[in-house]
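Notes follow once the structure below has been shown.
Every chain is numbered from 1, with letters handed out A, B, ... down the list of sequences.
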Amino acid sequence: MIYLSLIVLIPLGAVVWKSQSGGFSEFWHALTSAQAWAALKLTIYSSLIVAGINLVMGTLIAWVLVRDRFRGAGIIDVLIDLPLALPTIVAGLVLLALYGPNSPVHVNVAYAKIGVVAALLFVTLPFVVRTVQPVLAEFDTDMEEAAASLGAGGFTRARRILLPNLLPAMLAGTALSFARAVSEFGSTVLISGNLPFKTEVAAVNIFNQIQSGNTLGAAALSTALLVIALLVMLLLEIVRRWVARHG
Amino acid sequence: MRRSAFSVLAALSLTSLGVAGCSSSSSGGTELSLVAYSTPQAAYQKIISAFQATPAGKNVTFKQSYGASGDQSRAVDSGQQADIVAFSLEPDITRLVKDGIVASSWNANQYKGMVTDSVVSLVVRKGNPKHIKDWPDLARKGVKVVTPNPFSSGSAQWNIMGAYGSQIKNGDTQQQATNYLTKVLGNTAVQDESGRKALQTFTNGTGDVLISYENEAIFAQQNNQPVDYVVPNKTLLIENPVAVTKDSKHPKQAKAFLKFLYSEQAQKIFADNGYRPIVSTVDKGKFKTPSGLFTIRDFGGWPSVTKKFFDPDTGIVAGIEKKLGVSVAKK
Amino acid sequence: MADSTPQSGSRVTRYSIRFVVLAYLLVLLVLPLILVLRRTFEHGINPVFTALTSSEAAHAFQVTAIVAGVAVIANTIFGVGAALLLVRHRFPGRRLLDAVIDLPVAVSPVVVGLALTLIYGSREPVGGWLTRHGIQIIFSLPGMVVATIFVGLPLVVRAVAPVLEEIGDEQEQAAYTLGSSPWQTFTRITLPSIRGALAYGVVLALARSLGEYGAVAVVSGRVVGQTQTITLFVEERFDNFDQASAYSAAFALAVLAVISLLVARRLRPAGTAR
């Protein structure tokens with residue numbers, strides 16, 4: 001607890017404190033200033049999309065890695081964590097090179113909102129996969145085998161037995177990936193074009209406000225992001241517990 | 001039980017980190033800390049070597065830090081050790097003066113505290129395929145402009161004032177100049193967070209023209225990037241300040257280094273790295289003074305310009321960006 | 001899709017899922033990595049070698065090793081403890097603790113830097129006191145470690161907790177009734193059973209610590225050769241048009257992450273899919 005406080009709570013508390021140092025009306029004013037608001041909307045919207053995609057794809061990837069044996073699966077397993085280890089500037093450059101105006105595969109998502117989604121998908125790739133994978137690996141297949149012997153097809157088995165048991169881990173990973181997407185900075189700049197009011201994400205706007213000396217505005221937007229992230233995670237947690245209880 | 005165990009562990013590790021962080025005093029000889037913005041890194045590294053060959057610089061070692069001007073200024077403001085600070089624009093020094101880190105007499109010398117000059121220029125592809133000759137070309141339809149985000153980058157602010165100022169100097173009214181700026185920003189596809197990143201974006205293939213410092217263009221050319229640059233007749237003089245800090249532990253050596261920056265030798269090194277020397281006796285060589293050169297003082301100096309143009313809520317540029325974002329809103 | 005025989009139905013499903021996954025990963029992961037490889041080795045292996053053995057790079061590796069190493073160890077200890085706490089015990093505020101643990105991932109690196117300077121900056125109450133007593137937290141290694149610990153905080157917890165929940169505590173209960181002490185139970189029963197998940201969590205935390213840029217950048221002071229991590233080194237090299245060194249260092253980071261994952265897989269109990 002002390003550890004948690006020292007590292008997390010006190011610094012974050014300072015940010016929240018700073019943001020309300022001008023009173024609530026100033027806080028609200030800073031938050032709803034046009035640029036900040038546009039950035040916030042874009043960030044939340046994109047992060048929700050990304051979390052949703054990760055929920056599905058992350059689980060599928062975990063399933064393939066654990067249940068589907070084929071040559072090369074091992075290599076894929078190893079590569080999944082790489083987005084975390086790559087500095088964001090490299091990620092941004094590489095994504096831009098591949099899926100931007102000079103794309104060798106003729107796919108151009110740069111300088112548009114979809115560029116933001118692409119960058120976020122890259123950096124959040126490992127989260128759902130890595131929370132679901134161990135659970136799936138530990139999962140006792142007895143129930144599935146029993147169900148199969150009773151005539152249940154693949155889909156039914158997946159839906160009735162596997163999914164409910166994986167859902168908590170899936171949701172935990174999704175919460176993480178939403179949280180990560182909301183805070184992402186470096187990789188989105190290059191591919192999104194970073195145009196204020198159009199393709200500028202909240203984290204970049206916070207950065208700009210700090211650079212402009214507008215610490216209060218930066219703190220306000222940061223606090224808003226934190227609150228939203230907290231709410232989404234609490235929501236996912238509630239769903240998680242509900243699922244766990246109702247098996 | 002487990003909790004208390006690792007609370008102790010945590011406390012221990014943090015304390016040991018704190019102890020490790022105790023700055024050990026320099027052992028014999030003097031160590032100066034230079035905190036500077038990123039573009040003159042190559043120049044300063046050479047200047048430091050030259051300084052160390054002089055009697056004043058014997059036995060002086062340097063810790064060097066380079067980064068975005070605003071970031072560096074803020075870091076020093078928050079406690080980063082520095083004996084000499086060198087930034088891209090004056091407000092980054094003024095911040096430190098306000099907080100008592102730099103003396104208010106920092107700009108009392110004949111150069112008003114500045115150590116190098118440059119000009120706002122237009123960087124184009126080698127051979128200038130789109131024939132970009134002057135400021136109005138940036139408002140042309142189909143020309144893709146690259147310039148950093150004015151709310152995070154000091155470089156962008158020089159750029160925008162150069163663009164705006166050129167039109168005012170041409171006789172435009174404020175409204176006309178603002179319309180011009182709207183067209184230019186409308187042509188801007190990417191707004192990186194710093195001048196150097198914008199240069200990277202441009203050299204990696206994005207855009208037809210980059211607004212940047214002349215010394216950045218020269219730096220790119222020296223690194224074999226296929227670019228040319230145009231210095232418009234009417235453009236903004238960029239002035240880079242330097243100062244020593246008040247609480248420097250080695251004020252004598254710090255001031256000696258500062259003095260050395262104005263020496264012929266150091267100014268020549270700056271010139272070799274693309275900066276315009278500020279000392280008039282140094283040969284300006286390839287640098288031609290634009291006929292319509294203007295300065296930020298023509299617009300009231302930085303404090304007034306920052307408020308009028310770059311306030312994130314009420315600034316003229318914010319208004320332009322908002323208009324562009326709302327009217328061209330996708331999806 | 002007719003489920004005439006469970007076998008054929010599931011094979012089609014199996015292949016289609018595999019296809020979708022592989023296509024997704026190709027676009028999102030494999031192609032970018034190939035590009036990184038290409039750009040790293042564009043001019044052969046010599047430039048890569050030179051770049052990585054330069055003194056700045058060597059310093060950066062050292063700094064990264066210290067910062068990431070301490071951060072990962074700290075987060076592992078915390079991670080296991082917190083996971084056990086959350087899963088095995090009920091106490092008021094548990095749900096809140098759960099949510100707070102995830103917060104660091106939602107915090108932009110920029111904000112981490114801001115927060116740390118608000119506390120440890122020399123003009124702030126805590127920071128000022130520390131500076132006057134000669135303890136420098138930000139703009140030197142300790143600050144960088146704190147920032148790195150922050151960003152990786154939830155990772156081990158979130159990897160271990162679901163598995164702890166999945167396994168249940170019957171074995172541990174059995175051990176207690178047989179007279180085993182808490183520490184013995186922990187090392188002999190709990191730890192081995194979460195080994196795989198723990199390994200994943202540690203690798204995630206390590207990868208995250210290696211790749212962190214933003215938060216560390218603000219509090220590092222960027223002193224060349226002294227407080228540059230590899231990510232800061234990558235950025236600085238890009239800034240100076242030294243793409244060769246930048247990509248080489250990024251590649252080295254990727255290799256480190258891969259090696260750690262391979263080690264982690266070795267630690268996993270044999271036979272994953274049963």
Checklist entry - With chain C, which of B:V76, B:D99, B:L199, B:T39 has the greatest number of heavy-atom pairs at distances under 4.5 Å? => result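 Heavy-atom pair counts peak at B:D99.
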Checklist entry - Who among B:S78, B:A82, B:G79 has the most heavy-atom pairs with chain C under 4.5 Å? => result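 Greatest number of close heavy-atom pairs with chain C: B:S78.
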Checklist entry - Is B:K98 atom NZ crowded by more than 12 heavy atoms from other residues, nucleotides or ligands, each under 6.0 Å away? => result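 Result for NZ/B:K98: open.
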Next on the checklist: Can you tell me if C:R88 has over 12 outside heavy atoms packed within less than 6.0 Å of its CZ?
Outcome noted: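 For C:R88, atom CZ is crowded (more than 12 foreign heavy atoms under 6.0 Å).
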Which atoms of [X] come close to chain C, meaning under 4.5 Å heavy atom to heavy atom: side chain ones, backbone ones, both, or neither?
X      : result
B:D77  : both
B:A220 : both
B:S33  : neither

Item to check | Pick from C:D242, C:V223, C:L232 with the largest number of heavy-atom pairs that fall under 4.5 Å of chain B | outcome: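 Of the candidates given, the most pairs with chain B belong to C:V223.
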Next on the checklist: Under 6.0 Å from the ring centre and within 45 degrees of the ring axis: does the NZ or CZ of B:R125 meet both conditions for the six-membered ring of B:F202?
Outcome noted: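 Output yes; distance and angle both within limits.
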Item to check | Region of C:E235 in contact with chain B, defined by heavy-atom distances below 4.5 Å | outcome: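 The side chain, not the backbone.
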Checklist entry - With a 4.5 Å heavy-atom cut-off, do C:F241 and B:F219 have their side chains touching? => result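 Touching, per the 4.5 Å side-chain cut-off.
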Item to check | Side-chain H-bond candidate by donor/acceptor type, C:T231 with C:E212, under 3.5 Å | outcome: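 Result is no, nothing qualifies.
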Next on the checklist: Tell me whether the rings of B:F260 and B:F51 are parallel (<30°), tilted (30 to 60°) or perpendicular (>60°).
Outcome noted: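 Because their plane-to-plane angle lies in the 30° to 60° range, the rings of B:F260 and B:F51 count as tilted.
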